[in-house]
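Here the structure comes first, spelled out in structure tokens, and everything after it is commentary.
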Amino acid sequence: MKTLEIDGIKVRIQIWDTAGQERYQTITKQYYRRAQGIFLVYDITSERSFQHIMKWASDVDEYAPEKVQKVLIGNKSDEEHKRQVATEQGNKLAKAYGMDFFETSAFTNHNITESFTRLAELVLQANKKDLDLLRVSINDQLDLAALEEEAGVCDGSSNAQKTCWC
Ligand SMILES: Nc1nc2c(ncn2[C@@H]2O[C@H](COP(=O)(O)OP(=O)(O)OP(=O)(O)O)[C@@H](O)[C@H]2O)c(=O)[nH]1
């Protein structure tokens with residue numbers, strides 16, 4: 001669980017780290033169904049992990065909700081000396097899939113907050129319509145409550161006293 005503040009909205013993010021191994025894939029796919037945002041992560045020191053991204057991306061397309069937001073991550077940016085995947089390759093792939101791209105390091109924290117913030121922003125944008133409706137409904141309820149308080153209506157009787165504690 002991680003909390004971020006985006007445009008004044010406190011966003012609480014629940015993070016699921018799915019297993020990468022093939023034998024867990026049946027379980028992994030079940031996580032996709034309720035996901036709103038997905039990081040597709042490879043290891044910049046492993047060409048093989050980069051090749052696997054295409055398979056992950058097609059699974060996401062197949063099993064995740066249509067409006068799921070995706071960000072491509074090349075992790076272990078601190079291991080420059082072992083790099084097998086050029087930054088440009090990551091950029092190109094992200095562009096081809098229409099995703100944002102970050103190189104990160106869980107070790108040094110490089111781009112960790114930035115990438116989480118970006119994915120949360122994308123999820124908020126994608127759900128903006130629902131959020132706006134929710135806001136309108138909350139504001140309506142607050143307005144109604146304020147009106148009721150002003151009118152002294154708290155038990156349904158129209159002649160209730162203006163100041164009433166119930
Ligand atoms: N140097 C460095 N090592 C990292 C970084 N992130 C993870 N590791 C190391 O990489 C190894 C694998 O990390 P995991 O978090 O288990 O990777 P994973 O992809 O979740 O693994 P599976 O779920 O089993 O597929 C561990 O030894 C981590 O300490 C990083 O940014 N830099």
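Numbering of ligands and ligand atoms starts at 1, following listing order.
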Query - Distance filter under 4.0 Å to Asp17 heavy atoms, resulting ligand 1 atoms - result: 20 (O)
Query raised in the report: So does Glu88 pair up with Lys95, basic N to acidic O under 4.0 Å?
Result: no
Report task. Specify whether the nearest protein heavy atom to atom 22 (P) of ligand 1 is under 4.0 angstrom away. Result -> yes
Requested in this report: Look up atom 5 (C) of ligand 1 and tell me if a protein heavy atom lies less than 4.0 Å from it?
Outcome: yes
Requested in this report: Using protein heavy atoms only, decide if any is under 4.0 Å from atom 12 (C) of ligand 1.
Outcome: no
Report task. Return yes if some donor-acceptor pair links the side-chain N/O of Asp7 with the main-chain N/O of Ile9 below 3.5 Å, else return no. Result -> no
Query raised in the report: Would you say Lys2 has more than 12 foreign heavy atoms packed within less than 6.0 Å of its NZ?
Result: yes
Query - Set of salt bridge (Lys or Arg N to Asp or Glu O under 4.0 Å) partners for Lys55, sequence neighbours left out - result: Asp59
Query - Atoms of ligand 1, numbered as shown, that sit under 4.0 Å from any heavy atom of Glu79 - result: 1 (N)
Query - Flag: protein heavy atom within less than 4.0 Å of atom 27 (O) of ligand 1 - result: no
Query - Distance filter under 4.0 Å to Asn75 heavy atoms, resulting ligand 1 atoms - result: 5 (C), 6 (N), 7 (C), 30 (C), 31 (O)
Requested in this report: For Phe102 and Phe39, run ring pair (Phe, Tyr, Trp, His ring centres under 6.0 Å): C-alpha distance rounded to whole Å, both residues' side-chain angles, the deciding distance at 0.1 Å, then the answer.
Outcome: CA-CA 10 Å; Phe102 292 87; Phe39 286 119; 8.1 Å; no
Quiz: residues 63-70 side-chain donor-acceptor pairs under 3.5 angstrom, not counting sequence neighbours:
unit_1, atom_1, unit_2, atom_2, d
Lys67, NZ, Asn127, OD1, 3.2
Lys67, NZ, Asp130, OD2, 3.4
Gln69, NE2, Lys67, O, 3.0
Lys70, NZ, Asp61, OD1, 3.2

Query raised in the report: With side chains defined as the heavy atoms from C-beta onward, is the minimum distance between Gln84 and Lys82 less than 4.5 Å?
Result: no
Report task. Among all protein heavy atoms, pick out the one at the shortest distance from atom 24 (O) of ligand 1; state its residue, atom name and that distance to 0.1 Å. Result -> Gln21 OE1, 3.6 Å
Query raised in the report: When you measure from atom 2 (C) of ligand 1 to each heavy atom in Asp78, Thr45, Thr104, Thr18, which option holds the nearest one?
Result: Asp78
